[in-house]
Amino acid sequence: MFRIKSPFRSLVIAVYLLFILAWVMPVSGQTKRSPVAPNRERVEAAVREAYEKFRSDTGGKNADYIPYLAQVDSKLFGISVVSTDNQLFEIGDVKYSFSIQSISKVYSLALAMEELGADPVFQKIGSEPTGRAFNSPIAVVDMPTHSANPFVNAGAIATVSLIPASSPDEKWNKILNFYSKAAGEKLTLIDEVYKSEAATNTGNKALSYLLAKYDRIYADPFESVDVYTKQCSVGVNATQLARMGATLANNGINPATGQQVIKTEDIPYILSAMMMAGLYDSSGGWAWHVGLPAKSGVGGGIVAVVPGKGAIAVFAPPLDEAGNSVKAQKVIQYVADKLDYNLYSPRSVGLK
Ligand code: DON
């Protein structure tokens, strides 16, 4: 039999072991790239085509019930894709900082589960779609759980109320730090958005008291609304938002920093809630046409998560009737279709 003489023998064994280690151990804490993830050229082409195809789309209208949002330039348009191996593909106004709005609800849900565990959060909030507008008081009355799910305003305010803290300021700092870890950069409040929303959020205050009537809010109602209003006023750009999404796609590990931000076991709960209610009363249509967990915000952002592969974030302020960015929905549907991202499609796992 062929035998290697020492010291070469130990060298060969060491190299062999290193090979095995590199294969089984994720590099810098990241999960392995999905074997069916599309290559760089395909992603770049899909993003560029979508940008050109939809940049002149004039559908929808900026949100105006928060006065600040009405005067944001409706032509702003940016697309950013971050892959789980931290590649970046982007085009357009990707450095403009807009208010995260309802997309924040995803990360406050994650934080609540981080602190309390998933089951208590599910018991106290629920995860049923309402089929009604995101700010509907009727849904609070009608839904058996009242809070319905963490993504309608009522459920989101209840989720904020659950996050343990000794003061509203401490809670707000905890939330902002957590979002920053998911974005891989320090995020800050857009003070003008906060002031604009705080001066006009009577509807959310009403929802918080309605929740109190059913014992479905777990801290002072108005204090909870105030922290919620701040979380909605956090500024993000499309790149940061895509990285926040890619953290969900990458088992809770931020692909840029390698930090485990969200517990891996919580990811399926978060993504299922996004699929059920991420686009409010048009979530069913979204699941039908696009098949990706996503979350929208009235600031004009949408982030869609492709588990194991990455995330697409789009920013374009004009919204449809349900409060979802018109261009962002079109772009994500186009890119998802081009790159076989729809989770319900056999093509997403390489079956043609
Ligand atoms: O509470 C509100 O109405 C806003 N801060 C957030 C609503 C929102 O983003 C709904 N999204 N599509």
Side-chain angles (χ1 to χ4, degrees), residues 60-70 72 98-109 129-137 139-140 147-161 172 175-176 179 189-211 217 221-236 241 244 273-286 293-304 313-329 332:
K61 188 170 153 300
N62 282 31
D64 56 8
Y65 74 99
I66 299 170
Y68 177 97
L69 298 179
V72 173
F98 56 95
S99 57
I100 188 168
Q101 295 297 342
S102 281
I103 306 167
S104 65
K105 296 166 178 173
V106 174
Y107 298 89
S108 287
L109 167 68
T130 65
R132 291 188 183 271
F134 61 81
N135 50 8
S136 168
V140 180
S147 40
N149 68 63
F151 298 153
V152 289
N153 288 7
I157 295 164
T159 305
V160 167
S161 79
W172 158 238
I175 288 174
L176 189 60
Y179 292 7
L189 181 82
I190 307 179
D191 202 45
E192 286 165 276
V193 176
Y194 168 63
K195 289 205 174 95
S196 181
E197 183 163 346
T200 50
N201 62 358
T202 46
N204 284 339
K205 287 181 180 146
L207 291 176
S208 74
Y209 258 78
L210 206 47
L211 286 166
I217 190 156
F222 282 7
E223 279 178 9
S224 303
V225 171
D226 189 54
V227 175
Y228 162 84
T229 307
K230 284 190 178 130
Q231 79 170 37
C232 290
S233 310
V234 168
V236 283
L241 187 58
M244 291 175 89
M274 290 170 80
M275 190 64 98
M276 299 308 292
L279 270 76
Y280 305 109
D281 38 330
S282 51
S283 299
W286 176 260
K295 186 74 205 79
S296 64
V298 288
I302 300 187
V303 64
V314 184
F315 166 59
L319 311 177
D320 65 11
E321 287 297 311
N324 303 315
S325 166
V326 172
K327 273 204 204 75
Q329 290 177 81
I332 296 170

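Numbering of ligands and ligand atoms starts at 1, following listing order. A quick note: this is a predicted structure, and the numbers were derived from the prediction, not measured. By convention here, the first residue in the shown sequence is residue 1.
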Could you give me the CA-CA distance, side-chain angles and deciding distance for Lys295 and Tyr280, then say whether side chain to side chain donor-acceptor pair (under 3.5 Å) is met?
CA-CA 9 Å; Lys295 186 74 205 79; Tyr280 305 109; 2.9 Å; yes
Enumerate the atoms of ligand 1 whose separation from the nearest heavy atom of [X] is less than 4.0 angstrom.
X      : result
Glu197 : 1 (O), 2 (C), 4 (C), 5 (N)
Cys232 : 5 (N)
Gly323 : 11 (N), 12 (N)
Tyr228 : 1 (O), 2 (C), 4 (C), 5 (N), 6 (C)
Gln101 : 4 (C), 5 (N), 6 (C), 9 (O)

Roughly how far, to the nearest 0.5 Å, is the CD1 atom of Ile302 from the CD1 atom of Ile103?
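Taking CD1 in Ile103 and CD1 in Ile302, the distance rounds to 7.5 Å.
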Looking only at heavy atoms of Asn135, does any of them come nearer than 4.0 Å to an atom of ligand 1?
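In this structure, Asn135 fails to qualify as a contact of ligand 1 - no heavy atom is under 4.0 Å.
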For Tyr228 against Asn204, the heavy-atom pair lying closest together
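Scanning both residues completely, I find the closest heavy atoms to be CE2-ND2, 3.4 Å.
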Could an N or O of ligand 1 be found under 3.5 Å from any N or O of [X], whether backbone or side chain?
X      : answer
Asn324 : no
Tyr65  : yes
Ser102 : yes
Val298 : yes

Which residue owns the protein heavy atom closest to atom 11 (N) of ligand 1, what's the atom, and how far is it?
Tyr280 CE1, 3.2 Å
Would you find a donor on one side and an acceptor on the other, under 3.5 Å apart, between the side chain of [X] and the backbone of [Y]?
X      : Y      : result
Ser147 : Asn149 : no
Lys105 : Phe151 : yes
Ser136 : Arg132 : no
Ser196 : Val193 : no
Ser104 : Ile100 : no

Determine whether the side chain, the backbone, both or neither of Ile103 has a heavy atom under 4.0 Å from any heavy atom of ligand 1.
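Looking at Ile103 and ligand 1, no heavy atom falls under 4.0 Å.
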